[in-house]
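Worksheet: one structure, shown below.
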Amino acid sequence: MSDQATPAHGAALDLAVALRTLDVGPAAGMLADQVDEALVPRLGGEDRPLLVVLGGSTGVGKSTLMNSLVGRRVSRAGALRPTTRVPVLVHHPDDTERVVGWPVVAGTEVVASPAMPADLAMLDSPDLDSVEHHNRTIAVRLIDTADLWLAVTSASRYADAVPWQALHRTTARNGTTAVVLNRVGALAVGEVSTHVATLMAQAGLGDSPLVVVPEHEAVDGLLPAEAVAQLSALLSALGADPGLRAMVRGSSVAGAVADVVA
């Protein structure tokens, strides 16, 4: 991790301190949190993993996807709603020291797994439409903090308004997004994926990946490897390509700066 703060990093730190020090209304505290969580880490030159956030509506299978990608249960999945109460972050063991002190780790359960590609950290966030206001707030904050948002939906819920509102916001911030269409039956793959691709194009996400996860019965809470093969390949490609990670990180920095300015 670099000990040298960039001028932009120093300016972001000064802005956060000023917002917390000056009595300029309650919105200042919220903006200071945004600067601390989304802007300061991105501008500091920290050698941290790329943050991939699994986010979406209630019951679309985010936790099961994370568990299946890792190969063991690291995030609680089940019928009780809301299921994901404490965000779970998984990183490669070689990146353990790099996540220490990372603001996004605060209040998060952290798990090291060799199944996660190095230079990536994946976080399972609470539901965007959780019945608990606190969970909804955390979910939106984590999506804003993400370098890459894996927007998880399902064949039965892909037209819900809440995730598309978040997707429009991410598009406006030039955030990097991939849509994960989960639990798609074999007979509906063509029709549903075509409709989702049309909705993505209308939302300005025509160039974003669409990952389809076919419907499979989970065994001991895990989907078979072939069900998540496309999603696993996307993460592996990102972990293996420094140039691609730099491009994604640069886009997230630009979006975070524009969002704070706005």
Side-chain angles (χ1 to χ4, degrees), residues 1-4 36-38 40-56 61-78 83-126 138-139 141-143 145-150 152 176 178 180 182 209 211 213 218-250 252-253:
M1 182 176 296
S2 174
D3 293 327
Q4 300 298 320
D36 274 340
E37 296 172 5
V40 170
R42 287 176 165 130
L43 294 175
E46 290 96 339
D47 182 27
R48 60 174 179 81
L50 202 74
L51 180 62
V52 179
V53 171
L54 279 168
K62 300 184 299 297
S63 297
T64 299
L65 284 176
M66 171 173 269
N67 293 339
S68 302
L69 288 166
V70 175
R72 63 188 177 96
R73 292 186 180 185
V74 294
S75 186
R76 185 163 61 93
T83 298
T84 305
R85 298 180 181 273
V86 178
V88 178
L89 183 139
V90 182
H91 64 85
H92 191 277
D94 290 347
D95 293 330
T96 298
E97 293 185 3
R98 300 168 65 194
V99 304
V100 174
W102 195 0
V104 75
V105 170
T108 300
E109 182 179 349
V110 181
V111 178
S113 169
M116 181 59 52
D119 297 312
L120 297 185
M122 186 168 62
L123 193 152
D124 180 17
S125 74
I138 292 175
R141 182 185 300 173
L142 289 175
I143 288 172
T145 305
D147 295 307
L148 168 63
W149 175 26
L150 297 179
V152 183
T176 304
V180 181
N182 194 24
V211 178
V213 180
V219 178
D220 294 330
L222 304 178
L223 298 173
E226 61 267 24
V228 294
Q230 187 181 0
L231 183 55
S232 179
L234 184 150
L235 295 174
S236 296
L238 186 59
D241 190 335
L244 182 57
R245 291 197 306 277
M247 183 176 67
V248 171
R249 197 187 304 274
S252 71
V253 169

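Given the structure is predicted, the values throughout are model-derived calculations rather than measurements.
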After noting the C-alpha distance and the side-chain angles of Val90 and Leu69, does the key distance pass the side chain to side chain contact (heavy atoms under 4.5 Å, CB included) rule?
CA-CA 10 Å; Val90 182; Leu69 288 166; over 6 Å; no
Could you check Leu148 against Val53 for side chain to side chain contact (heavy atoms under 4.5 Å, CB included), going step by step and ending with a plain yes or no?
CA-CA 6 Å; Leu148 168 63; Val53 171; over 6 Å; no
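- The two residues Ala227 and Val213 make their nearest non-hydrogen contact at O-CG1, 3.4 Å.
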List the steps and the verdict of side chain to side chain contact (heavy atoms under 4.5 Å, CB included) for Arg72 and Val111.
CA-CA 11 Å; Arg72 63 188 177 96; Val111 178; 3.2 Å; yes
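- Among the candidates Val228, Leu120, Val211, the single residue satisfying the side chain to side chain contact (heavy atoms under 4.5 Å, CB included) test with Leu235 is Leu120.
- Expressed to the nearest 0.5 Å, how far CG of Asp95 lies from CZ of Arg48 amounts to 11.5 Å.
- Closest of all the heavy-atom pairs between Val104 and Thr108 is O-OG1, 3.0 Å.
- Side chains of Pro126 and Leu142 form a contact here, defined as non-hydrogen atoms less than 4.5 Å apart.
- Interatomic distance, OG1 of Thr64 versus CZ of Arg73, reported as 8.5 Å (0.5 Å rounding).
- Residues Ala121 and Trp102 share a closest heavy-atom pair of CB-CZ3, 3.9 Å.
- Asp124 contributes no side-chain N or O that, together with a main-chain N or O of Pro87, makes up a donor-acceptor pair within less than 3.5 Å.
- Between the OG atom in Ser125 and the CZ atom in Arg141 there is a gap of 12.5 Å [rounded to 0.5 Å].
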Walk me through whether Leu51 and Leu89 qualify under side chain to side chain contact (heavy atoms under 4.5 Å, CB included).
CA-CA 9 Å; Leu51 180 62; Leu89 183 139; 4.0 Å; yes
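- Note: Leu65 CG to Leu222 CG = 11.0 Å, rounded to the nearest 0.5 Å.
- When every heavy atom of Gly239 is checked against every heavy atom of Pro117, the shortest pair comes out as CA-CB, 4.3 Å.
- Side-chain contact between Leu123 and Leu54 is absent, with no heavy-atom pair separated by less than 4.5 Å.
- Checked for salt-bridge contact, Arg98 and Asp119 meet the test: a charged N lies under 4.0 Å from a carboxylate O.
- The heavy-atom pair separating Ser68 from Leu223 by the smallest distance is OG-N, 2.8 Å.
- Pro93 and Ala112 make their closest contact through CA-CB, 4.1 Å (heavy atoms, listed as atom of the first residue, atom of the second, distance).
- We find the NE2-CD distance between His91 and Glu97 to be 10.5 Å, quoted to the nearest 0.5 Å.
- Taking CG of Asp147 as the reference point, atom CZ of Arg245 lies at 11.0 Å (rounded to 0.5 Å).
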